[in-house]
Peer 1: 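Pasting a structure below so you can have a look.
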Amino acid sequence: MTPHRTPWFQLQRLTRWSGREPRRLFWPWVACVMVANMIAGMLVGVPMFLGIASNMAAFAEANPDRATVTAGPGHYSMQIDGPVPPTLLLEPMRWFVPGVAIVTLLSVLLLAAAVVRRLHDSGRPGWVGLLPLPFLGTGLIAFWRVFDQFGRADALPDTGAFLLLFGNNVVYLATLAALVVQLCRPSDPGPNRFGPPLD
């Protein structure tokens, strides 16, 4: 494996905002970051799901008249009649949104300089890579606000916040798709205003 194709090569260039980067070096790095992102997402999500399952099992045990539990080899199901206290679901989820925000921020930081160099390689300015970020940030904040309302018994659902979240996500996905199209463009042959091509 050549030095250019190793993740260490990309880690050494995390803060290098100048120069160029061809597709053959960029996309393997994106794949590495996305795999790390999925693993980190599981590390954030699994404790939440285990906490919810534990709370629901405790609720079923404390309320046998409202719960029907069926268990067997490789099979477990629980049916609860009527509503359950929201805290059973929300308590394990309280760190989920901040955890997702941290994982997302780390992924953005790991990809930022490489995105700028990849845009430079096809003659595009690096600021094009910023287009999805305001919508990503707004989406995380709006998601937190919508999620926070579920924990308050006196709060009515805020349809405005939900609609903002939905519309924001549509725009975020559109700007992300436009950025991916730019990142897929072929390299400029020979030198351009951002320097010579990377060998």
Side-chain angles (χ1 to χ4, degrees), residues 7 10-11 14-15 27 29-63 66-67 76-80 82-116 126-180 182-183:
Q10 291 289 359
L11 288 172
L14 279 180
T15 58
W27 289 111
W29 174 243
V30 171
C32 288
V33 172
M34 291 298 102
V35 168
N37 182 298
M38 286 187 286
I39 292 169
M42 286 189 286
L43 293 175
V44 170
V46 166
M48 176 192 69
F49 288 116
L50 292 176
I52 291 172
S54 175
N55 286 354
M56 295 303 291
F59 180 81
E61 187 175 328
N63 300 277
R66 293 183 53 199
Y76 180 87
S77 69
M78 178 189 315
Q79 181 177 347
I80 306 288
V84 298
T87 55
L88 293 180
L89 304 175
L90 296 173
E91 183 61 28
M93 296 175 74
R94 70 180 164 168
W95 298 111
F96 179 70
V97 175
V100 167
I102 291 168
V103 169
T104 301
L105 178 62
L106 288 174
S107 298
V108 168
L109 292 175
L110 288 171
L111 291 172
V115 166
V116 169
W127 63 261
V128 171
L130 296 173
L131 294 177
L133 293 184
F135 305 104
L136 176 62
T138 302
L140 289 171
I141 293 167
F143 180 69
W144 177 254
R145 291 197 52 174
V146 169
F147 176 79
D148 187 49
Q149 289 178 356
F150 291 117
R152 294 179 294 173
D154 61 336
L156 294 173
D158 184 356
T159 54
F162 179 78
L163 290 174
L164 171 66
L165 179 61
F166 179 79
N168 180 81
N169 286 345
V170 169
V171 177
Y172 167 69
L173 291 173
T175 57
L176 186 62
L179 176 59
V180 168
Q182 294 303 313
L183 294 171

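Being a predicted model, the structure only gives us computed values, none of them experimental.
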Peer 1: Which atom pair, heavy atoms only, marks the closest approach of Leu165 to Ala142?
Peer 2: CD1-CB, 3.9 Å
Peer 1: Check Gly139 against Asn169 and note the closest heavy-atom contact, atom names and distance.
Peer 2: CA-OD1, 4.3 Å
Peer 1: Which distance, rounded to the nearest 0.5 Å, do you find between the CG of Asn55 and the CG of Leu50?
Peer 2: 11.0 Å
Peer 1: Under the side-chain contact (heavy atoms from CB on, under 4.5 Å) test, which residues partner Ala58, sequence neighbours left out?
Peer 2: none
Peer 1: Holding to side-chain contact (heavy atoms from CB on, under 4.5 Å), I want the full list of residues that pass it with Gln79, two or more places apart in sequence or in another chain.
Peer 2: Thr68, Asp81
Peer 1: Going by side-chain contact (heavy atoms from CB on, under 4.5 Å), name the residues that satisfy it together with Phe59, two or more places apart in sequence or in a different chain.
Peer 2: Asn63, Arg66, Ile80, Val84, Pro85, Leu88
Peer 1: Using a 3.5 Å cut-off and no angle test, enumerate the donor-acceptor pairs between side-chain atoms of residues 102-115 and protein atoms at least two apart in sequence or in another chain.
Peer 2:
residue: Thr104; atom: OG1; partner: Val100; partner atom: O; Å: 2.8
residue: Ser107; atom: OG; partner: Asn37; partner atom: ND2; Å: 2.6
residue: Ser107; atom: OG; partner: Val103; partner atom: O; Å: 3.0

Peer 1: Please collect all side-chain hydrogen bond (donor to acceptor under 3.5 Å, both in side chains) contacts where either partner lies in residues 128-138, sequence neighbours excluded, each pair once.
Peer 2: none
Peer 1: Applying side chain to side chain contact (heavy atoms under 4.5 Å, CB included) to Leu173 and Phe135, what does each step give before you reach the verdict?
Peer 2: CA-CA 9 Å; Leu173 291 173; Phe135 305 104; over 6 Å; no
Peer 1: Quick one, Val44 and Trp95 - any side-chain contact, counting heavy atoms below 4.5 Å?
Peer 2: no
Peer 1: What heavy-atom pair brings Met56 and Met78 nearest, and what distance separates the two atoms?
Peer 2: O-SD, 3.5 Å
Peer 1: Using the side-chain contact (heavy atoms from CB on, under 4.5 Å) criterion, which residues pair with Val128? Sequence neighbours excluded.
Peer 2: Leu119, Pro125, Leu131, Leu179, Gln182
